[in-house]
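None of these values were measured; they are calculated from a predicted model. The figures that follow rest on heavy atoms only: side chains count, while hydrogens, waters and symmetry mates do not. Each chain gets a letter, A, B and so on, in the order the sequences are listed, and its residues count up from 1.
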Protein chains: 2
Amino acid sequence: MNASEFRRRGKEMVDYVADYLEGIEGRQVFPDVDPGYLRPLIPTTAPQEPETFEAIIEDIEKIIMPGVTHWHSPYFFAYFPTASSYPAMLADMLCGAIGCIGFSWAASPACTELETVMMDWLGKMLQLPEAFLAGEAGEGGGVIQGTASEATLVALLAARTKVTRHLQAASPELTQAAIMEKLVAYASDQVVATLGTTSCCSFDNLLEVGPICHKEGLWLHVDAAYAGSAFICPEFRHLLNGVEFADSFNFNPHKWLLVNFDCSAMWVKKRTDLTGAFRLDPVYLRHSHQDSGLITDYRHWQLPLGRRFRSLKMWFVFRMYGVKGLQAYIRKHVQLSHAFEALVRQDTRFEICAEVILGLVCFRLKGSNKLNEALLESINSAKKIHLVPCSLRDRFVLRFAICSRTVELAHVQLAWEHIQEMAATVLRAQGEEKAEIKN
Amino acid sequence: MNASEFRRRGKEMVDYVADYLEGIEGRQVFPDVDPGYLRPLIPTTAPQEPETFEAIIEDIEKIIMPGVTHWHSPYFFAYFPTASSYPAMLADMLCGAIGCIGFSWAASPACTELETVMMDWLGKMLQLPEAFLAGEAGEGGGVIQGTASEATLVALLAARTKVTRHLQAASPELTQAAIMEKLVAYASDQVVATLGTTSCCSFDNLLEVGPICHKEGLWLHVDAAYAGSAFICPEFRHLLNGVEFADSFNFNPHKWLLVNFDCSAMWVKKRTDLTGAFRLDPVYLRHSHQDSGLITDYRHWQLPLGRRFRSLKMWFVFRMYGVKGLQAYIRKHVQLSHAFEALVRQDTRFEICAEVILGLVCFRLKGSNKLNEALLESINSAKKIHLVPCSLRDRFVLRFAICSRTVELAHVQLAWEHIQEMAATVLRAQGEEKAEIKN
């Protein structure tokens, strides 16, 4: 395919993408396929000769779409949102074209420098303490990781390296293994200090945890993967209070800030804690500026060597929405979750299982876990909406997460009516079962 | 931005991308900027109000492009290639639109199933032993990791978990730390068993290493990050001989197989070795099919939880090029490296420093490291072409890697003439210096 065919096919693909997203409400949110559906639809080996673009585009609707769970449908209320916006998609096209691998400053200076500045922009939007910003002479700074798992692992490894070196310096007679055996990582049953857990969007109190970590010399990493985006709104910023005690902090703009996956924002107060743990300097990656102190080689901040030009997505999204546009987006989602909460509270058959703070409502039918499992099963089998459950203190709970960029109050209301109908059916079935047992 | 504006802006972006790649030869391959160039060009905070797309598109040429190292320029001969092709870019647009996070089968069945089948296609293209393929009832199979670093780390952690459990079962009195202290990982100075090292594209002999690992019960991981793509050509397949002794194998289609970053292909013989080490099963990720044995939940195969629909890129590329088209692409690059090698060998001032097997030529001026450092410095300062060095047995060596999809013999010849001119200048300077010392 040459540039001229790409011009044609690329524009067709732009229309396909726009058609898909404009029409997504008409597609069943969860697919009908059974495991193994795809293999028989596809040849067992790659073709020897080239095929046409038409053949592939046809197969998208025939083979791919029947097996897609439509995460951006306004009837998708499962997991947490994953971001999708047109500005981010445009930026990703540019990212693919530039196609640089930004492991060092020299490998593409713009890739590194835009990332540092965008992470400062985002840090300021969150009112992060100055110590986390790179600025022109700061000791801290931000980096884009692929996922919150990677950010947390990087923090853990950096913390381990730091304390190990500290102990080795203090007691040179200790072996690595003896030190390893002494190391302790504290975590709750939802992992590290978390703002906005996946199960029920609960919050650790950093103002309690932070001073203890500080006093005891413990590395404090704070993960706000989902909730972090909300902290750009002043009315939610208090949830982040205490982050000043943290050594590192991350959240995922690719969840709730309209920056398509992958984009997990991570900040540290001392960048040398990361670069000290992950430094990698073979000759073929050295460049003349690397020891100038002015530049950043992001490969020392992460596990992989390679990295895409992901900050373009942040740049496009922040500028085309503006801070106010992003705040409005967060607020709309929070309003919708409260609207759903209000609907649930009006129905005495149901109960709310955790305080609704952001865009997640945890709810259930008053009654047994079995009853609620049956309710979820009937909802997800009907495939009009899609939900996933969680377990809160051994109770089986349904999660209703506001996810789609295009979800409106009408969708939430329709979803609730549908849940009520399904509930009536499972309650009737339960009643009949009980009656049968009595007889 | 709504769908209708995206239709317009997306098409403009398609043209921008095509213009950029068609005109890339006219851009200076390495940028003129100094560290810190970008920050003063950009506001210190994100805008409160939305900006227009025009404003952003203008800034791309003003702010971004002056700081880009053009990896896809036909004058870029640094590092190793990073893949770029139009079919992969089209697939990535679709991937962004679907925007599913494929951590489990249910999270988007097509995302998981296409990946399994594409990894089988690719495994067959490489003539991998049957044990590495998933097929319909295999114990092995493939997964797309982000980078070779992640693939290698995953293999290392899986190996550690396997041997730790084995030792704990055999000697329950051993503590975790005592076991840790006993574990040994063997590696050369180029890391794990490698086919095609970064420095000079050398090859470990798997037929020697493999049987020893097999006999001693050691996990053998083989990394062919760059070279792996060449194994789709029968004439290079012998370099992979011995992979039948490996437990896991990876290479990067995002380097040399026209699948844009990120796409690191990894296979294991026993998928339970990975899923046993990384299993993660909170309630909110469970689904009705997960214990059926028919399905794959790829989150157990990797470090991150989230993952993009990356197999679409493989599907588009394999079909639109065909195996023959991909083979022709590899062969052309290898021919070009041999053409460059022949040019170097004709000039007695130079020497070739490592056997040229694939697309990399390691060469230097006969003389001191200092002389060669001066040569590289003068080449990279002129910015007509871009190279990086390596160190081979303490000798400073220049690497000439065939990288761009659009590089032709004419570019290679021009590059060589340019190198010769630069060499003449540094040799003259050296001569004058020596003359001065004599006087």
(request) Below 4.5 Å from any heavy atom of chain A, which atoms of Met180(B) appear? Answer side chain, backbone, both or neither. (result) neither

(message) I'd like to know which of Arg7(A), Met13(A), Arg9(A), Met1(A) tops the heavy-atom pair count under 4.5 Å against chain B.
(response) Arg7(A)

(message) For the OG1 atom of Thr147(B) and the CG atom of Leu303(A), what is their distance to the nearest 0.5 Å?
(response) 8.5 Å

(message) Check this for me: does any side-chain nitrogen of one of Lys324(B) and Glu49(A) sit under 4.0 Å from a carboxylate oxygen of the other?
(response) yes

(message) For a quick test of reading the model, state the closest non-hydrogen atom pair linking Thr44(B) to Lys124(A) and the distance between them.
(response) O-NZ, 2.8 Å

(message) For a quick test of reading the model, state the closest non-hydrogen atom pair linking Gly99(A) to Trp71(B) and the distance between them.
(response) O-CB, 4.0 Å

(message) Given heavy-atom pairs under 4.5 angstrom as the criterion, report whether the side chain, backbone, both or neither of Tyr79(A) touches chain B.
(response) side chain

(message) Can you tell me which of Pro66(B), Gly102(B), Pro43(B) forms the most heavy-atom pairs within a distance under 4.5 Å of chain A?
(response) Pro43(B)

(request) Taking all non-hydrogen atoms of both residues into account, name the closest pair between Val117(B) and Leu38(A) and its distance. (result) CG2-CD2, 3.9 Å

(request) Among the options Ile63(A), Asp120(A), Leu21(A), pick out the one with the most heavy-atom pairs lying under 4.5 Å from chain B. (result) Asp120(A)

(message) Does any backbone or side-chain atom of Met65(A) lie under 4.5 Å from a heavy atom of chain B? Answer side chain, backbone, both or neither.
(response) side chain

(message) Measuring from atom OH of Tyr284(B) to atom SG of Cys390(A), what distance do you get when rounded to the nearest 0.5 angstrom?
(response) 9.5 Å

(message) Looking only at heavy atoms and a cut-off of under 4.5 Å, which of Gly10(B), Ala107(B), Ser84(B) has the most pairs with chain A?
(response) Ala107(B)

(request) Sort Ala83(A) into side chain, backbone, both or neither according to what part of it lies under 4.5 angstrom from a heavy atom of chain B. (result) neither

(request) Against chain B, label Phe309(A) side chain, backbone, both or neither, depending on which of its atoms sit under 4.5 Å from a heavy atom there. (result) side chain

(request) Could you tell me which portion of Ile42(B) (side chain, backbone, both or neither) has an atom closer than 4.5 angstrom to a non-hydrogen atom of chain A? (result) side chain

(request) Let me know if Thr82(A) has heavy atoms under 4.5 Å from chain B in its side chain, its backbone, both or neither. (result) side chain

(message) So for Ser104(A), is it side chain, backbone, both, or neither that comes closer than 4.5 Å to the heavy atoms of chain B?
(response) side chain

(request) Select, from Thr116(B), Asp19(B), Asp262(B), the one with the greatest count of heavy-atom pairs under 4.5 Å involving chain A. (result) Asp19(B)

(message) Between Ala106(A) and chain B, with a heavy-atom cut-off of 4.5 Å, which part of the residue counts as in contact: side chain, backbone, both or neither?
(response) both

(message) Looking at Ser108(A) and Val68(B), would you say the former's side chain and the latter's main chain have a donor-acceptor pair under 3.5 Å?
(response) no

(request) Output all residues satisfying salt bridge (Lys or Arg N to Asp or Glu O under 4.0 Å) with Glu51(A), sequence neighbours left out; order by chain, then residue number. (result) Arg319(B)

(message) Shorter than 4.5 Å, heavy atoms on both sides: which option in Phe316(A), Tyr16(A), Phe76(A) has the most such pairs with chain B?
(response) Phe316(A)

(request) Give the minimum heavy-atom separation between Ala110(A) and Tyr37(B), together with the two atoms involved. (result) CB-OH, 3.2 Å

(message) Which one wins on heavy-atom pair count under 4.5 Å against chain B: Ile64(A), Leu41(A), Asn260(A), Val388(A)?
(response) Ile64(A)

(message) Given heavy-atom pairs under 4.5 angstrom as the criterion, report whether the side chain, backbone, both or neither of Phe103(B) touches chain A.
(response) side chain

(message) Please rank Phe318(B), Phe396(B), Phe261(B) by heavy-atom pairs under 4.5 Å with chain A and give me the top one.
(response) Phe261(B)

(message) Quick check on Lys11(B) against chain A: is it the side chain, the backbone, both or neither that has a heavy atom closer than 4.5 Å?
(response) both

(message) If we define contacts as heavy-atom pairs under 4.5 Å, which of Leu153(A), Asn252(A), Asp34(A) has the most with chain B?
(response) Asp34(A)

(message) Please find the pair of heavy atoms, one from Ala3(B) and one from Ala18(A), that lie closest to each other, and give the distance.
(response) O-CB, 4.2 Å

(message) Let's test your reading of the structure: which of Leu387(B), Leu122(B), Asp59(B), Leu305(B) forms the most heavy-atom pairs below 4.5 Å with chain A?
(response) Asp59(B)

(request) Just give me the residue among Gly146(B), Ala148(B), Ala78(B), Cys100(B) that pairs up with chain A most often, heavy atom to heavy atom, under 4.5 Å. (result) Cys100(B)

(message) Need one label for Asn380(B): side chain, backbone, both or neither, based on atoms under 4.5 Å from any heavy atom in chain A.
(response) neither

(message) Under 4.5 Å from any heavy atom of chain B, what part of Pro31(A) do you find: side chain, backbone, both or neither?
(response) side chain

(message) Less than 4.5 Å to any heavy atom of chain B: does that hold for the side chain of Thr406(A), its backbone, both, or neither?
(response) neither

(message) If I measure from the heavy atoms of chain A, does Phe6(B) come under 4.5 Å with its side chain, its backbone, both, or neither?
(response) both

(message) Closer than 3.5 angstrom, by distance alone: can the side chain of Glu113(B) be matched with the main-chain N or O of Gly36(A) as a donor-acceptor pair?
(response) yes

(message) Below 4.5 Å, heavy-atom pairs only: which of Glu22(A), Gln327(A), Glu150(A), Arg399(A) has the largest tally toward chain B?
(response) Glu22(A)

Could you list the donor-acceptor pairs under 3.5 angstrom formed between side-chain atoms of residues 85-98 of chain B and any protein atom two or more places apart in sequence or on another chain?
from, atom 1, to, atom 2, distance (Å)
Ser85(B), OG, Ala88(B), N, 3.3
Ser85(B), OG, Leu258(B), O, 2.7
Asp92(B), OD1, Arg308(B), NH2, 3.4

(request) Would you mind checking which part of Thr69(A) comes under 4.5 Å of any heavy atom in chain B, side chain (CB onward), backbone (N, CA, C, O), both or neither? (result) both

(message) Nearest 0.5 angstrom please: Trp315(B) CH2 to Ile60(A) CD1, how far?
(response) 6.0 Å

